[in-house]
Chemist: 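Here it is, the structure in full.
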Amino acid sequence: MSIRSTLAAAAVSTLLVSSFIYAQSPGIGNGIANATSITAGQVAGPGGLAAIFGSNLSRALPHADTASPVINAGGVVPIGSTVNTISTGSWAAIYGNNLGTTTATWNGDFPTSLGGAKVTVNGKPAYLYYASPGQVNIQVPDDSSTGTVTVVVTNANGSGTSTVTLSQFAPSFPLLDSKHPAGIILRTDGSGAFGGGTYDIVGPTGTSLGYPTKAAKAGDTLVLFGVGFGPTTPVVPAGAPFSGAANANNPVTFNINGTTVTPSFSGLTSAGLFQFNMTVPGGLGSGEVPITATVGGATTPQFVLSLQ
């Protein structure tokens, strides 16, 4: 099952760019956008996941009244993670106080200044997707360095500094809520709730997340998403759009309820966003089962996958 044979449908809208991957918080919030269908290499493009999963995700984050930016301790993390390790080219969130002077979201142009804020990682300008007083989301710039590096947020009122570990691998799952990784089940029979019947969002069967989701079952074609899974071929530079399929250089394996599952495709399908295609095997159990993914000796935080 290749990405090109699996994901054949009409183009994903690029207008709905405030996806939970790139936007305010690693969770869906209020409802689902009207998504179009999926196309090879574009299912997760900037706007692709927004088109799939929705755009109303902002959450109010407390911030102090002091003017200068302050980054929370341990507040530089991959999207969907609390681990203070990030990787080059990946999407990350910075939490703190007075980071941006206004709230703003990019126009798909990979700006290095947004909402009054600029960010550098190891002295290199980062690319901002979202900025607010309490949170800034960035694409980490390309950098061959590893180890502890400095992160600086600067606005008109001053600068705030923190440190983070820069690693080749910092895998994480974007999340629908606090525990369900973002994923879809492809439907070839037109029975899906979204994309003109082409897919369902994987989650507990019903509407407990505020929109229709469906648990996966053995034989389903499952597509999951991630960040921080390392280098690819071809190389995909940070700070520029990408649409295609760039295979992960290192093997990616999933552990689903104690069973190892190897995706048929693991790689970037848009800037900084990995996609994993797999057929759900039998024998994984049912209900909310644990799921992790491992690459290069690094493992994601554990979350749950809904199975029936």
Side-chain angles (χ1 to χ4, degrees), residues 17 19 21-24 26 44-47 49 69 71-72 74-81 83-96 99-100 104-132 135-155 158-172 174 225-244 246 248-250 267-274 295-296 298:
V17 294
S19 79
I21 289 284
Y22 307 116
Q24 293 91 302
L49 282 183
I71 301 173
N72 292 349
V76 183
V77 295
I79 293 294
S81 178
V83 178
N84 194 216
T85 299
I86 59 175
S87 62
T88 181
S90 190
W91 293 97
I94 303 171
Y95 296 98
L99 302 177
T105 304
W106 76 344
N107 295 314
D109 51 353
F110 294 86
T112 56
S113 178
L114 187 70
K118 295 182 179 181
V119 177
T120 61
V121 179
N122 200 26
K124 298 176 173 61
Y127 307 97
L128 280 65
Y129 178 83
Y130 170 81
S132 72
Q135 183 171 341
V136 174
N137 285 13
I138 64 169
Q139 187 183 27
V140 181
D142 292 328
D143 195 333
S144 60
S145 302
T146 57
T148 301
V149 299
T150 299
V151 177
V152 180
V153 177
T154 302
N155 63 31
S159 295
T161 301
S162 185
T163 59
V164 69
T165 299
L166 187 62
S167 176
Q168 189 175 30
F169 305 102
S172 180
F225 303 99
V227 298
F229 282 79
T232 62
T233 300
V235 174
V236 178
F242 173 73
S243 178
N249 289 354
N250 296 77
L268 289 172
T269 52
S270 75
L273 190 64
F274 283 81
V295 62

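The figures here come from the full heavy-atom set of this structure, side chains too, leaving out hydrogens, waters and symmetry mates.
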Chemist: Hey, are the side chains of I71 and V76 touching, using non-hydrogen atoms and a 4.5 Å cut-off?
Modeler: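 I71 reaches V76 side chain to side chain.
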
Chemist: Using the side-chain contact (heavy atoms from CB on, under 4.5 Å) criterion, which residues pair with A246? Sequence neighbours excluded.
Modeler: T232, P234, V236, F242, L268

Chemist: The criterion is salt bridge (Lys or Arg N to Asp or Glu O under 4.0 Å); which residues satisfy it with D143, sequence neighbours excluded?
Modeler: K124

Chemist: Please answer whether the main-chain N or O of A271 pairs with a side-chain N or O of W91 as donor and acceptor at a distance below 3.5 Å.
Modeler: yes

Chemist: Side-chain contact, heavy-atom cut-off 4.5 Å: P231 with N250?
Modeler: yes

Chemist: Has the side chain of T85 got a donor or acceptor atom that lies under 3.5 Å from a matching backbone atom of S167?
Modeler: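 Not confirmed, T85 side chain does not pair with S167 backbone.
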
Chemist: Taking T165's backbone N and O only, do any of them form a donor-acceptor pair with N84's side chain (distance below 3.5 Å, no angle check)?
Modeler: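 A pair under 3.5 Å: no.
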
Chemist: Does G89 offer a backbone N or O that forms a donor-acceptor pair with the side chain of D142 under 3.5 Å?
Modeler: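 Checking the backbone N and O of G89 against the side chain of D142, no donor-acceptor pair under 3.5 Å is found.
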
Chemist: Ignoring hydrogens and angles, tell me if any N or O in the side chain of S172 forms a donor-acceptor pair with the backbone of I79 under 3.5 Å.
Modeler: yes

Chemist: Keeping the roles fixed (side chain from Q139, backbone from S90), state whether a donor-acceptor pair exists under 3.5 Å.
Modeler: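 A pair under 3.5 Å: no.
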
Chemist: Parallel, tilted or perpendicular, judged at 30° and 60°: which one describes the rings of Y127 and F110?
Modeler: perpendicular

Chemist: Would you please name every residue forming a side-chain contact (heavy atoms from CB on, under 4.5 Å) with T154, sequence neighbours left out?
Modeler: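 Scan of T154 (side-chain contact (heavy atoms from CB on, under 4.5 Å), adjacent residues dropped) gives V152, S159.
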
